[in-house]
Amino acid sequence: QVQLAESGGGLMETGGSLNLSCVYSGGTFSNYGLAWFRQAPGKGRDLVAAITWSGGVLYGADSVKGRFTISRDNAKNMVYLQMNSLKPEDTAVYYCAATQVRLPHYSGTYYSPSLYGSWGQGTQVTVSS
């Protein structure tokens with residue numbers, strides 16, 4: 001059974017940085033595509049970034065491109081989200097998710113939460129203005 005656990009969230013001022021981590025257990029990590037989603041109060045769950053089993057990367061919105069970086073360490077069963085130049089609109093609960101479905105990094109299917117069979121509990125990120 002795949003389990004995911006996020007850490008690294010917190011309260012940060014505008015312009016600051018946070019590095020989110022997600023540890024994976026219960027399967028062969030290198031076989032999985034990983035993603036970070038976020039959900040703000042009263043809104044849906046949106047893709048922030050995805051990284052394929054082979055290391056291809058997709059960023060979910062133009063607003064995070066150039067500020068956020070997703071990466072994975074297969075030796076440590078970890079996926080990371082480095083967030084720089086944080087803005088108040090980045091405030092949300094951030095979730096780590098995993099999928100066994102192999103798709104090219106440019107596939108729009110990564111945007112769909114239903115692609116992912118495993119989810120973490122989420123970590124709160126709050127950016128003050």
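Every side-chain contact (heavy atoms from CB on, under 4.5 Å) that Ser85 has, sequence neighbours left out, goes to Arg67. Ser112 meets the side chain to side chain donor-acceptor pair (under 3.5 Å) test with Ser114; sequence neighbours excluded. Tyr24 pairs by the side chain to side chain donor-acceptor pair (under 3.5 Å) definition with nothing, not counting sequence neighbours. Under the rule for a salt bridge (charged side-chain N to carboxylate O under 4.0 Å, His left out), the partners of Lys65 that lie at least two apart in sequence or sit in another chain are Asp62. Residues that satisfy the side chain to side chain donor-acceptor pair (under 3.5 Å) test with Gln3, not counting sequence neighbours, are absent from this structure. Residues passing the side-chain contact (heavy atoms from CB on, under 4.5 Å) test with Thr126 are Leu11, Thr91, Gln124, sequence neighbours excluded. Applying the side chain to side chain donor-acceptor pair (under 3.5 Å) criterion to Asn74, with sequence neighbours excluded, gives Arg72. By the salt bridge (charged side-chain N to carboxylate O under 4.0 Å, His left out) test, Arg102 pairs with no residue at all, sequence neighbours left out. Applying the ring-ring contact (aromatic ring centres under 6.0 Å, His included) criterion to Phe68, with sequence neighbours excluded, gives no partner residue.
Between Ser30 and Thr28, the side chains place no donor N or O within less than 3.5 Å of an acceptor N or O (distance only, hydrogens not considered).
Among residues at least two apart or in separate chains, there is no ring pair (Phe, Tyr, Trp, His ring centres under 6.0 Å) pair with a member in residues 79-113. Applying the salt bridge (charged side-chain N to carboxylate O under 4.0 Å, His left out) test to pairs two or more places apart or on separate chains, none has a residue in residues 10-22. Among residue pairs with one or both ends in residues 91-129, those qualifying as disulfide (SG to SG under 2.5 Å) are Cys22-Cys96; sequence neighbours excluded.
Side chain of Glu6 to backbone of Gln121: a donor-acceptor contact under 3.5 angstrom is found.
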